[in-house]
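Structure first, then comments.
Bear in mind the structure is a predicted one, so any value in this text is a computation, not a measurement.
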Amino acid sequence: VSKGGLLYHFGSKADLAAGLIERLRELGAADVESLRSADDIVETFLRTSVASGSPLDRTMVAVIRLAQSPAGAAARAARTWRSGARAAAS
């Protein structure tokens, strides 16, 4: 994706980060719900914890990269997702 293409859809880097964080929230919530509704939570957790290039995997990597920059919202979003996954597994 070109920089021009990104800026066409997102007016600024902050808008791009906000969109990415919202995507992580949505995908993370769906992942946590799949754990909660699984018949065998351990098997499901192990199967879905393997990096497979899924949309959640790619989004998480992107947010982690953003969290390494001064963008505080990305770091908070990454922590929130991890907390939700841990809570669902316990």
Side-chain angles (χ1 to χ4, degrees):
V1 176
S2 70
K3 182 178 178 180
L6 280 176
L7 291 177
Y8 176 80
H9 294 286
F10 300 98
S12 68
K13 186 176 178 179
D15 291 342
L16 174 61
L20 187 60
I21 289 166
E22 181 57 30
R23 180 168 171 80
L24 176 64
R25 286 187 182 120
E26 292 169 1
L27 293 171
D31 187 57
V32 167
E33 184 55 38
S34 74
L35 284 173
R36 287 188 177 137
S37 63
D39 292 331
D40 184 347
I41 193 168
V42 173
E43 185 274 332
T44 302
F45 179 77
L46 292 173
R47 182 176 37 79
T48 61
S49 293
V50 175
S52 63
S54 71
L56 178 59
D57 291 339
R58 292 189 306 270
T59 303
M60 194 67 204
V61 168
V63 169
I64 288 169
R65 287 182 180 162
L66 274 178
Q68 293 171 352
S69 73
R76 285 191 301 276
R79 284 191 302 272
T80 299
W81 177 82
R82 284 192 303 265
S83 296
R86 283 188 192 122
S90 52

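- Between the D57 side chain and the S54 main chain, a donor and an acceptor come within less than 3.5 Å of each other.
- With rounding to the nearest 0.5 Å, the separation of CZ in R47 from CG in D40 is 9.5 Å.
- Criterion: ILVMFWY side-chain heavy atoms under 4.5 Å apart, direct or through other members. Under it, V61 and L24 are not part of a common hydrophobic cluster.
- Once rounded to the nearest 0.5 Å, the distance linking CZ of R23 with CZ of R58 reads 7.0 Å.
- You'll find the side chain of T44 stays beyond 4.5 Å of the side chain of D39, heavy atoms only.
- Summarising the geometry, atom CD1 belonging to I41 is positioned 9.0 Å from atom CZ belonging to R36; distances are rounded to the nearest 0.5 Å.
- Taking CD of E26 as the reference point, atom OG1 of T59 lies at 10.0 Å (rounded to 0.5 Å).
- Note on F45 and V32: separate hydrophobic clusters, where clusters join Ile, Leu, Val, Met, Phe, Trp and Tyr whose side-chain heavy atoms are under 4.5 Å apart, directly or indirectly.
- Residues Y8 and L16 do not share a hydrophobic cluster, defined by chaining ILVMFWY side chains whose heavy atoms lie under 4.5 Å apart.
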